There are 2 protein chains.
Amino acid sequence: MARTTEGDGAPVPQRLLAAATRLFAEQGYDRTSVQEIVEAAGVTKGALYHYFGSKDDLLHEVYARVLRVQQERLDHFSTMDAPVEQRLRGAAADVVVTTIENLDDAMIFFRSMHHLSPEKNKQVRAERRRYHEQFRALIEEGQQEGVFSTATPADLVVDYHFGSVHHLSTWYRPDGPLTPQQVADHLADLLLRALRP
Amino acid sequence: MARTTEGDGAPVPQRLLAAATRLFAEQGYDRTSVQEIVEAAGVTKGALYHYFGSKDDLLHEVYARVLRVQQERLDHFSTMDAPVEQRLRGAAADVVVTTIENLDDAMIFFRSMHHLSPEKNKQVRAERRRYHEQFRALIEEGQQEGVFSTATPADLVVDYHFGSVHHLSTWYRPDGPLTPQQVADHLADLLLRALRP
DNA sequence: TTACACATACCGACTGGTTAGTCTGGGCCG
DNA sequence: CGGCCCAGACTAACCAGTCGGTATGTGTAA
């Protein structure tokens with residue numbers, strides 16, 4: 001019991017969300033029919049619309065989950081008691097590991113924003129912005145302390161790093177030569193090296 | 001005459017492609033109906049299916065155009081007669097400028113790969129791979145000469161940089177504070193700084 | 001303990017609307 | 001007059017969401 005598979009065991013809402021996540025990542029939001037989702041979860045449309053208001057709602061749930069997890073993790077690293085280089089390195093590497101461990105979520109996150117309804121899209125953007133600014137604050141702190149170069153605006157540095165995170169779902173393969181932690185260390189290293197004064 | 005707008009002047013196939021590019025970028029491939037495309041181009045379905053085999057074909061044309069342009073530009077920079085740092089910096093900055101100047105193409109390129117038919121997808125991936133490898137060769141050349149750090153595998157460095165290029169369509173706004181060239185210089189700079197030995 | 005009331009959880013046929021692609025025919029140009 | 005170019009009605013398929021219905025459980029009062 002307490003299985004995490006979609007077929008059985010777990011409560012119906014979780015099964016639906018798990019099935020939707022996988023299918024949205026594999027086929028895209030528009031290409032995935034509600035019928036496919038309920039079949040993968042082993043229920044029918046009645047169950048889905050009992051727990052979720054719409055197909056769009058299901059997508060929004062995926063976003064909410066990702067945002068919550070990433071925000072919690074960033075909070076942890078930015079409030080750590082350590083030099084700013086270590087805090088930034090920790091946060092930068094952690095987001096890579098977390099992203100790789102949930103590649104389906106990442107795929108959906110960056111590819112399906114425009115499928116959300118306007119108001120949900122706005123809400124997601126706002127939370128995303130908060131996250132971005134908190135990350136930027138770390139870089140600015142280091143720049144003010146003089147341990148990071150000020151050659152590049154902090155905003156651009158954040159976008160540079162998150163570009164590579166975003167890109168992970170395009171090229172990373174679990175059966176490739178690098179473990180998630182190795183990729184994370186390399187990418188954090190590139191960021192920190194680029195920031196050397 | 002020889003207008004580049006979608007409504008009139010230019011030959012019908014170009015008008016269709018221009019309309020499709022804009023609409024695919026704005027609304028996504030699946031959310032754009034063939035009817036919308038032909039209306040934006042000022043023709044009817046008969047015209048579209050006279051020149052293109054399918055809606056999918058139209059998308060493939062966008063990919064073919066982007067790949068051709070980017071490959072030509074990379075060829076130019078990699079065969080330049082200059083130190084490898086300059087060739088890499090030139091290529092890295094140029095792809096940023098070109099991408100910003102064709103943000104619609106970039107948006108479609110990275111967001112709609114999975115909408116291509118399997119064989120067209122395979123073809124696009126193959127061409128993309130060739131591009132990636134040529135870019136990687138530049139980095140490896142610098143690493144062998146000792147002017148670039150070997151701390152990170154060249155493959156990963158390429159993905160790091162193209163992640164940021166990919167990401168441009170998400171955050172860059174033409175009415176923002178930075179010109180395309182300024183963004184390009186910053187991003188190329190970050191890459192080169194990360195590669196300092 | 002039994003009987004009834006009510007809610008939660010789910011089923012699955014159905015509807016109204018949309019879509020990619022086809023096809024027949026017409027006009028224009030060489 | 002024949003072939004390229006295109007119009008626009010048509011079709012077959014599909015899809016999100018609805019709705020009436022059923023089953024199971026829980027609380028309550030006789």
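Just so we're clear, the structure is a prediction, and the values are computed from it rather than from any experiment. Proteins get letters first, then strands, A, B, ... in listed order; numbering begins at 1 in each.
A/Phe110 is not connected to A/Tyr131 by any chain of hydrophobic side-chain contacts under 4.5 Å among Ile, Leu, Val, Met, Phe, Trp and Tyr, and they are in different clusters. Under the 4.5 Å side-chain heavy-atom criterion for Ile, Leu, Val, Met, Phe, Trp and Tyr, A/Leu156 and A/Val95 are members of the same hydrophobic cluster.
For the pair A/Lys55 and A/Tyr29, the cation-pi test (distance below 6.0 Å, angle within 45°) is passed.
Between B/Phe135 and B/Leu88 the shortest side-chain heavy-atom distance falls below 4.5 Å.
The distance between atom NE2 of A/His115 and atom C1' of D/dC15, rounded to the nearest whole Å, is 15 Å. Put simply, CG on B/Leu48 is 16 Å from C1' on C/dC23, counting in whole angstrom units. Whole-Å rounding puts the A/Gln35 CD to D/dA16 P distance at 9 Å. Regarding B/Arg31, its CZ atom lies at a distance of 11 Å from the P atom of D/dA16, rounded to whole Å. Atom-to-atom, NE2 of A/His50 to C1' of D/dT18 comes out at 15 Å; the value is rounded to the nearest Å. Distance, A/Glu36 CD to D/dC14 C1': 11 Å, rounded to whole Å. If you take CG of A/Asp30 and P of D/dA16, they are 9 Å apart, rounded to a whole angstrom. Counting to the nearest Å, the P atom of C/dG25 and the OH atom of B/Tyr49 are 22 Å from each other.
On a pure distance criterion of 3.5 Å, no polar donor-acceptor pair joins the side chain of B/Lys45 and the base of D/dA7.
Less than 4.0 Å separates DNA chain C from no heavy atom of any residue of residues 52-62 of chain A.
Between the CG atom in B/Leu23 and the CZ atom in B/Arg31 there is a gap of 14.0 Å [rounded to 0.5 Å].
Where A/Gly46 and B/Ser33 each meet DNA chain C at their nearest nucleotide, the meeting point lying more 5' is that of A/Gly46.
Panel note: side chain A/Gln143, backbone A/Thr152; a donor-acceptor pair is recorded below 3.5 Å.
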